[in-house]
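So the structure is just underneath, and the comments pick up after that.
Order of listing sets the numbers, starting from 1, for every ligand and every atom in it.
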Amino acid sequence: MGDDGDDTSVVVETRTKTKRPPLYKVLLLNDDYTPMEFVVAVLERFFGMNHAQAFEIMLTVHKKGVAVVGVFSHEIAETKVAQVMDFARQHQHPLQCTMEKE
Ligand code: TYC
């Protein structure tokens with residue numbers, strides 16, 4: 001950029017792409033052996049649901065075979081799955097919990 005009035009400078013705009021972190025659905029699976037009350041307790045304890053919400057989601061899993069119980073970042077989803085699986089194992093229930101990319 002001189003001072004001769006002949007301004008031919010190029011303005012390069014940079015756009016920073018901020019990618020949102022991918023989200024993961026945490027899924028609860030039905031089985032024939034885990035007691036309904038245990039599943040309700042899991043949903044209250046690890047997913048912050050009140051009793052009515054927890055009961056409703058438990059029934060959805062019971063009837064449909066699977067339901068999304070929450071959507072989280074990879075790390076949080078992994079933690080929730082591990083917590084549910086550990087808790088179920090401790091109580092010797094076959095309850096299964098998994099995650100999948102949204
Ligand atoms: N099907 C179980 C029963 O009849 C209840 C159940 C619900 C189990 C949801 C697992 O994710 C589940 N005792």
Side-chain angles (χ1 to χ4, degrees):
M1 248 184 292
D3 53 4
D4 57 0
D6 177 22
D7 192 338
T8 57
S9 55
V10 175
V11 176
V12 178
E13 288 186 29
T14 57
R15 193 176 57 133
T16 308
K17 287 189 184 172
T18 47
K19 280 233 194 81
R20 301 167 182 286
L23 293 175
Y24 293 78
K25 296 183 281 198
V26 171
L27 308 167
L28 205 58
L29 308 181
N30 189 36
D31 67 73
D32 292 340
Y33 304 104
T34 305
M36 290 185 172
E37 318 83 75
F38 184 81
V39 178
V40 171
V42 162
L43 293 171
E44 290 173 341
R45 187 180 183 111
F46 299 115
F47 298 92
M49 297 182 194
N50 65 39
H51 195 77
Q53 291 172 319
F55 197 87
E56 195 178 309
I57 300 289
M58 180 281 295
L59 269 190
T60 301
V61 180
H62 177 69
K63 289 186 209 159
K64 304 212 167 179
V66 61
V68 176
V69 297
V71 177
F72 307 98
S73 69
H74 185 88
E75 192 178 0
I76 302 290
E78 239 175 23
T79 302
K80 300 283 181 194
V81 170
Q83 286 174 329
V84 173
M85 296 299 282
D86 286 351
F87 194 59
R89 204 170 309 130
Q90 278 167 29
H91 291 83
Q92 304 188 341
H93 296 310
L95 182 64
Q96 294 293 309
C97 184
T98 59
M99 60 192 270
E100 69 178 34
K101 204 167 175 184
E102 205 179 36

Give me the nearest non-hydrogen protein atom to atom 4 (O) of ligand 1 as residue plus atom name, then the distance to 0.1 Å.
His62 CE1, 3.1 Å

Are any non-hydrogen side-chain atoms of Val26 and Val68 less than 4.5 angstrom apart?
no

Met36 neighbourhood, listing ligand 1 atoms whose heavy-atom distance to it stays under 4.0 Å
5 (C)

All ring-ring contact (aromatic ring centres under 6.0 Å, His included) counterparts of Phe46, not counting sequence neighbours:
Phe87

Run the numbers for me: atoms of ligand 1, each under 4.0 Å from some heavy atom of Leu28, listed by number.
11 (O)

Below 4.0 angstrom, N of the basic side chain to O of the carboxylate: do Lys25 and Glu102 qualify?
no

Measuring only between side-chain heavy atoms, which start at C-beta, is Phe38 closer than 4.5 Å to Leu95?
yes

Who are the side chain to side chain donor-acceptor pair (under 3.5 Å) partners of Glu78, not counting sequence neighbours?
His74

Residue Leu29 vicinity, atoms of ligand 1 by number, heavy atom under 4.0 Å:
10 (C), 11 (O), 12 (C)

To atom 1 (N) of ligand 1, the nearest of Asp31, Leu27, Thr34, Val66 on a heavy-atom basis is Asp31

Look at the side chain of Thr60 and the backbone N and O of Glu56, then say whether any donor-acceptor pair between them is shorter than 3.5 Å.
yes

For the residue pair Tyr33 and His93, is the inter-centroid distance of their aromatic rings smaller than 6.0 Å?
no

Check whether any N or O atom of Tyr33, backbone or side chain, sits under 3.5 Å from an N or O atom of ligand 1, and answer yes or no.
no

Just need the protein heavy atom nearest to atom 9 (C) of ligand 1, so name the residue and atom and give the distance.
Val61 CG1, 3.6 Å

Shortest protein contact, atom 8 (C) of ligand 1 (heavy atom only)
Asn30 OD1, 3.4 Å

Per-atom contacts, ligand 1 versus Leu95 - under 4.0 Å to a heavy atom
10 (C), 11 (O), 12 (C)

